[in-house]
Amino acid sequence: MIRVLFCPGDIGGCGYYRLLQVFSKCLLDLRSKIDPVFLGCMTLHNVDQQVTYLQRVCGVKGFDEIRKFKESSKSKIIIDYDDLLWDKDNRFLHKYNMFLNKIDLKTAYKDIKENLADVADAVTVSNDALKDSLKEFYPEDRIFVLRNRLSMKEWSFDRAVMIPKDDSFFYSGSMSHYSNKDKFYGDFSIPLANFLKTQTTMFMGDEPPWFFEKCEMREDWADLSVYAQIYKQFTNYAKFTLAPLENNHFNKFKSDLKYLESCAVGRVCLVSDFEGSPYHLAHPLQKLPQNASISEIRDIVENCKSHYGEILNYQYDYLNLSWLDDHMNQYETMFASVL
């Protein structure tokens with residue numbers, strides 16, 4: 001058995017999907033080769049663990065703290081990155097992401113480049129693009145791609161049978177994807193936003209996009225322990241879910257998690273399509289091109305309605321290749337590699 005201390009940065013989506021969901025799976029699986037420990041978010045203690053699994057360490061102060069802990073505990077250190085949080089020239093910031101713009105990506109780049117190889121015994125990332133970005137200053141053979149996946153325990157629902165008759169569009173997200181204050185469309189194209197102004201919309205999150213003028217249902221963020229159930233109940237009333245992304249450098253490092261969630265609840269997801277999009281493997285009929293006009297978006301929606309069952313079958317097949325339960329061996333291999 002390998003004792004692993006899971007030390008997520010938060011209990012939100014990032015910490016949950018990347019670390020806590022894996023911790024729970026290890027804890028409940030009697031066949032697991034991992035002895036998991038969780039003491040709380042950002043709680044770094046020596047509990048005789050062989051491996052300490054951390055998240056998103058970007059600054060020199062964080063690296064210095066971990067370096068001291070590593071020397072005193074003799075634990076191996078693994079750090080996870082699931083977003084592009086470094087940028088050599090600060091070229092890739094986009095104005096609408098209120099959270100990203102609080103980070104000095106240029107300083108983070110310098111600190112990661114100077115410290116990561118010395119501190120981390122391995123690094124995990126959520127996609128190949130992040131691995132390619134890290135290869136500049138970290139050994140490629142110590143970077144493990146562990147994709148965002150869903151746990152069967154939480155997301156294995158009965159196959160969808162009843163689909164709402166009327167058109168309705170559900171979006172789950174935060175103001176990292178648009179700006180209500182500055183009226184930035186963000187990841188929504190202007191034609192898509194104008195299309196949605198006239199449609200029945202539903203929203204889960206902190207504050208719905210400013211152009212959701214007919215938002216008939218709204219739900220605050222649910223605790224991640226019940227998020228899947230709330231998401232399922234809410235989307236029972238929606239015909240479509242939305243996963244828009246602007247074609248920019250940062251978004252090419254995102255994962256397909258929103259798509260997977262839609263696959264699990266049995267609702268056709270309308271996704272952005274561009275070179276390097278995390279949704280490039282989605283069904284061709286559900287893709288929204290970056291330059292699509294309102295009339296073209298309307299035609300795509302109508303075509304999706306005509307082929308709804310076909311797209312759902314495709315989504316269920318996609319999901320069945322992406323369950324966390326079927327890929328736990330990747331974590332066991334990764335933890336063992338640093339010992």
Side-chain angles (χ1 to χ4, degrees), residues 4-20 22-23 37-47 49 51-127 129-140 142-146 148 174-177 248-255 334 338:
V4 179
L5 174 66
F6 288 79
C7 191
D10 57 58
I11 57 173
C14 173
Y16 187 79
Y17 281 113
R18 297 302 295 167
L19 266 69
L20 289 178
V22 179
F23 163 80
V37 181
F38 171 62
L39 302 176
C41 294
M42 301 181 70
T43 304
L44 199 58
H45 287 301
N46 185 2
V47 288
Q49 72 269 30
V51 180
T52 302
Y53 196 14
L54 299 144
Q55 270 191 300
R56 292 185 164 205
V57 183
C58 297
V60 65
K61 289 180 63 176
F63 282 116
D64 285 344
E65 180 182 351
I66 295 165
R67 186 179 286 108
K68 293 176 183 177
F69 176 80
K70 183 177 183 179
E71 292 173 356
S72 63
S73 68
K74 307 305 180 185
S75 169
K76 299 295 184 180
I77 299 295
I78 300 176
I79 303 177
D80 178 72
Y81 297 97
D82 68 328
D83 266 328
L84 184 68
L85 300 176
W86 53 89
D87 176 9
K88 184 177 181 179
D89 301 307
N90 266 343
R91 292 177 298 163
F92 303 130
L93 288 172
H94 44 270
K95 294 181 180 179
Y96 62 87
N97 191 325
M98 61 182 292
F99 304 110
L100 187 63
N101 280 284
K102 294 179 180 180
I103 304 172
D104 184 346
L105 300 188
K106 186 174 182 178
T107 298
Y109 173 90
K110 177 178 178 292
D111 291 345
I112 293 173
K113 183 177 182 179
E114 293 177 353
N115 293 278
L116 185 61
D118 175 49
V119 171
D121 297 285
V123 169
T124 59
V125 293
S126 53
N127 54 52
L130 284 168
K131 179 177 181 177
D132 289 340
S133 180
L134 281 174
K135 285 191 305 186
E136 176 189 347
F137 42 75
Y138 194 82
E140 181 178 358
R142 289 160 56 191
I143 306 173
F144 294 82
V145 178
L146 300 175
N148 282 334
S174 71
M175 284 185 289
S176 63
H177 296 276
N248 60 44
H249 189 79
F250 179 78
N251 282 339
K252 293 180 180 181
F253 294 79
K254 302 293 287 183
S255 79
M334 184 264 298
V338 300

- request: Could you please spell out the steps behind the side chain to side chain donor-acceptor pair (under 3.5 Å) verdict for T124 and Y53?
  value: CA-CA 10 Å; T124 59; Y53 196 14; 2.8 Å; yes
ask   = Could you go step by step and tell me if I112 and C58 meet the side-chain contact (heavy atoms from CB on, under 4.5 Å) rule?
value = CA-CA 6 Å; I112 293 173; C58 297; 4.1 Å; yes
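Residue pairs meeting the salt bridge (Lys or Arg N to Asp or Glu O under 4.0 Å) criterion with at least one member in residues 9-18, sequence neighbours excluded: R18-D80.
Within the model, atoms OG of S133 and NE2 of H249 stand 6.5 Å from one another, a figure rounded to the nearest 0.5 Å. Distance check: L44 CG to L54 CG gives 6.0 Å after rounding to the nearest 0.5 Å. With values rounded to the nearest 0.5 angstrom, S73 atom OG is found 6.0 Å from Q49 atom CD. With values rounded to the nearest 0.5 angstrom, I78 atom CD1 is found 8.5 Å from S75 atom OG.
With a 4.5 Å cut-off on side-chain heavy atoms, V60 and N115 count as touching. Considering only heavy atoms from C-beta on, L134 comes within 4.5 Å of V125 through its side chain.
With sequence neighbours left out, the ring pair (Phe, Tyr, Trp, His ring centres under 6.0 Å) criterion links Y109 to F137. Scanning for side-chain contact (heavy atoms from CB on, under 4.5 Å) contacts around K74 gives an empty result, with sequence neighbours left out. D121 is linked by a side-chain contact (heavy atoms from CB on, under 4.5 Å) to K70, K76, I77, V338, counting only residues two or more places apart in sequence or in another chain. Here K106 pairs with N90, D104 under the side-chain contact (heavy atoms from CB on, under 4.5 Å) rule; sequence neighbours left out. Residues passing the side-chain contact (heavy atoms from CB on, under 4.5 Å) test with R56, sequence neighbours excluded: C14, D82, D83, L85.
Using cut-offs of 30° and 60° on the angle between ring planes, the pair Y81 and W86 is perpendicular.
In this structure, F38 has its ring center at least 6.0 angstrom away from the ring center of F6.
Closest heavy-atom contact between A129 and F253: O-CE2, 3.2 Å. Across all non-hydrogen atoms, the minimal contact from G40 to P8 is O-CD, 4.4 Å. Smallest separation of non-hydrogen atoms from R142 and F144: O-CD1, 3.7 Å.
Between the side chain of Y138 and the backbone N or O of K113, no donor-acceptor pair lies under 3.5 Å. In terms of modelled atom types and a separation under 3.5 Å, the side chain of T43 and the main chain of C41 share a donor-acceptor contact. At distances below 3.5 Å, at least one donor-acceptor pair connects side-chain atoms of N127 with backbone N or O atoms of K254.
Within 6.0 Å of NZ on K135 lie more than 12 heavy atoms contributed by other residues, nucleotides or ligands.
One finds a salt bridge joining R67 and D64 here, because a Lys/Arg side-chain nitrogen approaches an Asp/Glu carboxylate oxygen to under 4.0 Å. The pair E114-K110 meets the salt-bridge criterion, with a side-chain N (NZ, NE, NH1 or NH2) lying under 4.0 Å from an Asp/Glu carboxylate O.
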